[in-house]
Amino acid sequence: MLGYIIRRLLAVVPVMIIVALFVFLILRLTPGDPAAILAGDSATPAQLERIRDRLGLNLPLYEQFFQWVRMMFQGDLGVSLISNTPVSTMIGQRIWPTLNIAMLTIFLSVLIAVPMGVLAAWRHRSWVDYAVMSFSVLGFSVPVFVIGYLFIQIFAIELRWLPVQGYTAPTQDLLGFFQRALLPSFTLATIYVALIARMTRASMLDVLGEDYVRTARAKGLREGSILFRHALRNAAVPIMTIIGTGFALLIAGVVVTESVFNIPGVGRLTVDAILARDYPVIQAMILLTAGLYVLVNLLIDISYTIIDPRIRY
Amino acid sequence: MAHATQPSAAMQTVLGMLSLPRQWRLGAGPMVAAVVLFLIVLSALLAPLYVPYDPMQMGSLNRLQPASAEHLLGTDQYGRDLFSRIMTGGRVSLLIGVGAALFSVVVGMMIGLVSGFFRAADAVIMRIMDSLMAIPAILLAIALVALSGPSVWSVIVAITIPEVPRVVRLVRSVVLGAREEPYVEAAIALGSSMPKILWQHLMPNTVPAMIVQGTYICASAILTEAILSFLGAGVSTDIPTWGNIMAEGRTYFQVKPGLIFWTGAILSLCILSINLLGDAARDMLDPRLKKREA
Amino acid sequence: MMRFKNDDKSSSKAVLDIRHLSVRLSGEEGPGSLVLDDISLQVHEGETVSLVGESGSGKSVTSLAVMGLLPKGALEVSGGEIDMDGESLLTLTPSQMRTLRGQRMAMIFQEPMTALNPVMRVGDQIAEVLQTHRELSKRDCRDRVLDVMQQVYLPDVARIYGSYPHQLSGGQRQRIMIAMALALEPKLLIADEPTTALDVTTQAQILSLIAELQERHGTAVLFITHDMGVVAEVSHAVHVMKHGKIVEQAPVETLFRHPSEEYTKRLLRSVPSLIPRGARSQESTEPVLEVSDMQKVYSGGGLFLRKPGTHAARDINLTVKRGQTLGIVGESGSGKTTVARSIMRLIDPTSGSIRVAGKEVATLSRRALRPHRKHFQVVFQDPFRSLNPRWTVGRSLVEGPVNFGTPRHEAYERALEMMELVDLPGDALERYPHQFSGGQRQRIAIARAVMMRPDLLVADEAVSALDVSVQAQVLDLLDEVQARLGIAILFITHDLRVAAQICDEVIVMQYGAIVEHGSAREVLSNPRHDYTRMLIGAAPGREWDFANCCELLSA
Amino acid sequence: KSDDTTITAVMHSSLRVLDPIITTAHITRNHGYMIYDVLLASDEDFNPQPQMADWEISDDSLTYTLTLREGLMFHDGEVVTAEDAVASLERWGERDSGGQLIFDVTESLEATDEHTITWTLSEPYPPLIDTLAKQSAVPAFIMPARIADTSADSSISEHIGSGPFRFLEDEYEPGVSVTYERFDDYVPREEEPSWMAGGKVVNVDRVVWTTMPDAQTAINALTTGEIDYIEQVQVDLLPILESSPDVVVENRDPLGYQTMGRLNFQHPPFDNKQIRQAALLALSQEDVLATMMGDSEYYEICGAIFGCGTPLADESGSESLTSGGDPQAAQQLLEEAGYDGTPVVLMQPTDVTSLSAQPVVAAQALRQAGFEVDMQPMDWQTLVNRRASMSAPDEGGWNIFFTNWMVPEITSPLINVMLNGRGEDGWFGWPEDEELEALRREFIAAESDEERQEAARKLQVHTLDEVIYIPLGQYIMPQARRDNITDMIPSPVPVFWNIDKQ
Ligand SMILES: Nc1ncnc2c1ncn2[C@@H]1O[C@H](COP(=O)(O)OP(=O)(O)OP(=O)(O)O)[C@@H](O)[C@H]1O
Ligand SMILES: Nc1ncnc2c1ncn2[C@@H]1O[C@H](COP(=O)(O)OP(=O)(O)OP(=O)(O)O)[C@@H](O)[C@H]1O
Ligand SMILES: [Mg+2]
Ligand SMILES: [Mg+2]
């Protein structure tokens, strides 16, 4: 197992290389020109050309690539083409809000969704089941911003319990963090709750008919421990996967929610960078997410072996 | 939906006439769902025949009208008839939603089965998936459009590619457990080929998860399409799609909530039906559940 | 001299009282057919009542009905009453039922593989019973569990406590089930074929354990088994079931000496004799299976630190010739299944050579092995899980032949024939595995393997769940196929009677190694190794001639 | 520091480029006005006024002497010298198109002493003072010489000016927020503030510019008082604010924006003058503006290429545009011109709200007039890239796109980049038009206001006749503030001096 973990961690390197190459190619294939956004509307072609030279955008592709890779190996993520700030500083500022909110969201989602799904499976085709399904349908098909606006309207504007927008770091003011992170987290959580609850239900239904559930009943266990200790654990692998990939998605940043609640996270950073073709920022962001994904996925994979001892790699 | 029971009965007879095996006949709930879905698809397909206005016809003096006899659901910010737009919008949206869900599930399923079953392939495939997962859909969409021009298909592909690794992970996770089941060993002992074991023994285990994930992808693709359109990487924003109507309606959320409400309602109805059908399908696939029916 | 239990318990308090119980299939359209038809039986304090009879006759369903655990939506009680200690069980609320279960009534399920939670350590699964019903500290609880595990004669309890079900042998799992049921010393114990996977010595120990429990607590035991020897030794009274009805009931001695019903007589006649049959003429010397110096060590796993492995098979050497049957008997957990699975290449042997029909298979890749699969087939020890729960039985049956080119309809026809041969109705092909009884599933598994017409058949406890008459029928079937096709059979069993009747040669295993090897006659009537002697000495009902309803003359 | 007054303002976009010389982005220009000062500035009557310096013009109009006033200091504590000003002007001159014209006729630009800048020309250039004082697109901001020495093609990396606010580098998060602090050593002029001219007296301690990508959120935050000010409110969202008594909605900028369309002269069908005219005839300002803005209070139909409400405004030749379009005439003209149905590639930027309606309305109008229209959606960056492509429309080129200008950016032929007839050297669309060039020269040479007006009128007529570009009218984006924010100066650039927070 230890060997496996080490092998997986080492695999970060090829993953990064694939991602780097891929991203680099995609970016250079996409039309758009950071020089143009730098210079604004009334720049002349000659001026643009000079800026492009200056930014190194006129070098041959492979040279740009190797230069970038070389810098990466020296731990230098480069400088934003647009704002001229070091990319590491920019990401450093932006990653924490996203991470913190992602963790809160996943925590809330799991807390709410798993019992919901278990209940729905337990009371298959009862009103609980249908209620969970209706909630999930809404969670899937109502755009996030609508949920966000509704929360804001109710909790921030009508009731004035929580602020409308913004972000406070938990290290700075824990209460402030929760006040500002609660609405966005719940907003994000709706879709995850929907997804996780459905998955839990689906997975539990498979398990509840198994003989060992009957054995557990024969032992006189309470329904709760039958469901959560015996059945849920057997159903947990796909649920864990959904939670894991959900978390991975969240740490990549979720643009719409970040916009609605004005959270300075990496989601907006990435989209802004893509729209401005700020290559170093995009490249660094994607590499970072790739790295995080490798890590999260490794954790998911390890969790499988803990949940289900029959799973071996 | 009050009148939906009648066509349901009719459908029952039709199915009866087709003399489908009994286990393929649906209960009342799924039956209604099937009919509703059928009606939605049909009304989207036939929209050009019956909608009162050209869904792209603007009237600058007609902006954001409330519902009236003239405009059943009012008009949008360009003075276009909302009813006509919503009904027509289903065409592109359903294509994208269903297309993206189908593609990602099918592709993800194949890769996931192989990856989950063969330890040797797993390491390589999953690392490629990890890499794919990191590419943002937006970027992909912009690049794809640049390469092949804007079209519904590039939207579907752009949405599908980042979705595939997640499906793969899910399928693989189910397979990792299922491959240890004795009946898989039994199949090996009976000389079943790998494709057969993957497809016939292991795949059905993934169906419940795939139904959940598939409906989710379907819905989220319909909504994501709007985001891509707004980056110019999708279908043109004046072509109505449910995603576009809602995304454009975002600004008018408080001024004219109908833009989002009605579109959201029909989308929800659609997803609800798909969900009900999915549940029915999974129950059909699981003999133990079928028996547990009340 | 056979000693039946003659102390009459019918005067003591009835712990379990079943009156006119009927259970039927519940379906969407109207009331389904009856699975249990007007069953009545009583078990008194300290009494052991055996339930024997045809496989699929409703023995397990009866016990599930008592426990209130009939599968929802599939089976339901349609009439009658079940009382425990005078309390009507059918009217209890779920939570009242819950307090009864585990504490005052416990059940040992028929198929331990599926009845144990695959993702929980078995020790914890036992501990759970204690934690639910008793206030115990963690430490005490663990000690108590280890203690119970020792009582059921599990070896190496510390390792087994931390093992998962799939890491245990069939008999070990079964003992876990037993430990779980006995942990709280219940008032009523329902044991549904609790010893099918146990070798006779262990079986004897478990049976005396139960007897001891009865002595101390006056536990009432409802004992379901196919092993007439066991019935003869443990029961006070016997009920014989057929087609969902109780056809005969009598005190044990009466039943064995003077069976009245034709079915009972037939049943008793079918009990195989312990005396090995005469050696068959050896036509062929062509070896179908040759195993030499095979070893298997299961690695220990562990998240970070590798735990020590289990050496489950050591230096295994054996040969099976065409048309010959080689029996493997031995202690539970001695590595029999391991040997079988290695031969089938379902697990990779650690070292050694395995040749099937002249082909070295120990080192072949899975892919390269596939074309050879039709030459050797296996019947698994746990038939339920070896059938895909989502597939109809028919589909499972034709899978193999279709893989090797038989047209589907032809394979179906053959499957239909096979159903008849193993005494299952033809409509069984359209049903799903969970709708069958344990013995029925086992027959399906046998049918599936035989359908393939292999050169080598590995049968791991293939007839343990069958009532003796069906068992006889299946054994005949095997015999016949063997005669016709010259199949070589590797037959793993705990039932020495069965071994005596069908094996040409017998291997005795203990602690992963072969301790004795010889012709069946030699090994069974003239054992040399201590362990073999012990084994034979422990065979239940050794002194009784079931077919003739009297003591064996030689005994 | 808790009793500091801070104004939190949501600006129209996020500040990501910090160098006000390298880019023409409005937000960066606004940032420039916060931390830098200018030598001369224009007041609300478009008249140049002294700001950092006074000026004198020699009688032969060839020598300009600018004298810095006392007390000017950079944020790093250094005194502002003429050297700094010269270096800054030179860098500006490389980037600004108006500046380039001056440097084309410059003989020398020198710091003759610590406070005096002497600018000698080789031939008279009447608009020099106006150009130095203009407030858009690239004002001549003054920065320390060491920073101004940076090449005009790379961004500066130090942000030190002599303006009324200091830039707090540590608190800057690109794309999120910028924080400015009052520069205590700034010495304002005595005069009343008027647009960019006059005394810049700062009454608050800090100004924070944040970006809120979601307009709805910004409005909600304003109603709850989490922010103080929104620079631009989408007109459609104004009804939401009606119910908030402590929020004031008003027009700060009297001029607003001009929206316009540009055709590609290099490729068919718009290489044909008649077809260009047909396109112009097909369009109606009313339709475009109403669709864009909804409420007619916030737009103005205006046929003047230099923008209405400006000194050179003149609406000759724009009758069809301003009176609802003339599809019949367009159709007829199109037929006469022998339009062969070549599809017109119309680029539609989808991620810029203020530009998403024009293409849609125009496409509909053009189709009605008989054009084949191929409207292609794309993000603004792709558009910016593509409009620079001179390839044929079906090979990655284009035929029409739309954009908006702040009116001060187009008020005169000197700064209006579209009035350039030098073909491939000119602005996207690349008309080759000798007459246009001649008219522009005539304007530059004009000595009196009358001559200038006349030249401008000729340009107006010529521009619409040749369809150099199509003005589609003017619109205003109202601003919203909490009512405790007072005394904000009306101006095209939102300024944070003079403003107070109660
Ligand atoms: N879930 C079910 N659905 C339908 N039929 C069932 C179900 N479970 C059991 N049966 C049927 O009920 C009958 C009695 O089954 P039961 O398991 O009680 O037999 P049994 O006497 O225990 O047999 P065995 O000795 O083989 O275990 C069988 O014919 C079986 O096919
Ligand atoms: N997957 C495994 N991992 C670790 N140990 C195992 C595993 N499978 C079996 N064992 C151990 O190997 C030994 C031999 O097991 P095996 O199943 O071969 O016994 P058996 O002879 O078939 O016993 P029984 O008669 O009880 O079925 C047992 O002690 C068991 O605990
Ligand atoms: Mg049974
Ligand atoms: Mg075994």
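- We find the NZ-CD distance between A:Lys219 and C:Gln125 to be 5.0 Å, quoted to the nearest 0.5 Å.
- Contacts of residues 229-245 of chain A with chain C at a heavy-atom distance below 4.5 Å involve A:Arg229, A:His230, A:Arg233, A:Asn234, listed in sequence order.
- By the side-chain contact (heavy atoms from CB on, under 4.5 Å) test, C:Gln131 is found to be paired with C:Ala127, C:Cys141, residues two or more places apart in sequence or in another chain being considered.
- Between A:Pro309 and C:Pro118, the closest heavy-atom pair is CG-O, 3.8 Å.
- C:Met67 places none of its side-chain heavy atoms less than 4.5 Å from the side chain of A:Arg214.
- For C:Ala106, no part sits under 4.5 Å from any heavy atom of chain A, backbone or side chain.
- Taking CZ of C:Arg390 as the start and CG of A:Asp206 as the end, the distance is 5.0 Å to the nearest 0.5 Å.
- Of the inter-residue distances, the one linking A:Asp211 atom CG with C:Gln110 atom CD reads 10.0 Å to the nearest 0.5 angstrom.
- Proximity to chain A is limited to the side chain of C:Met177, based on heavy atoms less than 4.5 angstrom apart.
- Atom CG of C:Leu116 is separated from atom CD of A:Glu210 by 12.5 Å, given to the nearest 0.5 angstrom.
- In this structure, chain A has a heavy atom under 4.5 Å from the side chain of C:Leu64, while its backbone stays farther away.
- Of all heavy-atom pairs between C:Val119 and A:Ile307, the closest is CB-O, 3.4 Å.
- Of all the listed residues (C:Met113, C:Arg385, C:Met105, C:Glu111), the one sharing the greatest number of non-hydrogen pairs under 4.5 Å with chain A is C:Arg385.
- Heavy-atom distances place no part of C:Arg104 under 4.5 Å from chain A, backbone and side chain included.
- For chain A, no part of C:Thr99 is nearby; none of its heavy atoms comes within less than 4.5 Å.
- Residues A:Thr215 and C:Met180 form a side-chain contact, since some pair of their non-hydrogen atoms from C-beta on lies under 4.5 Å apart.
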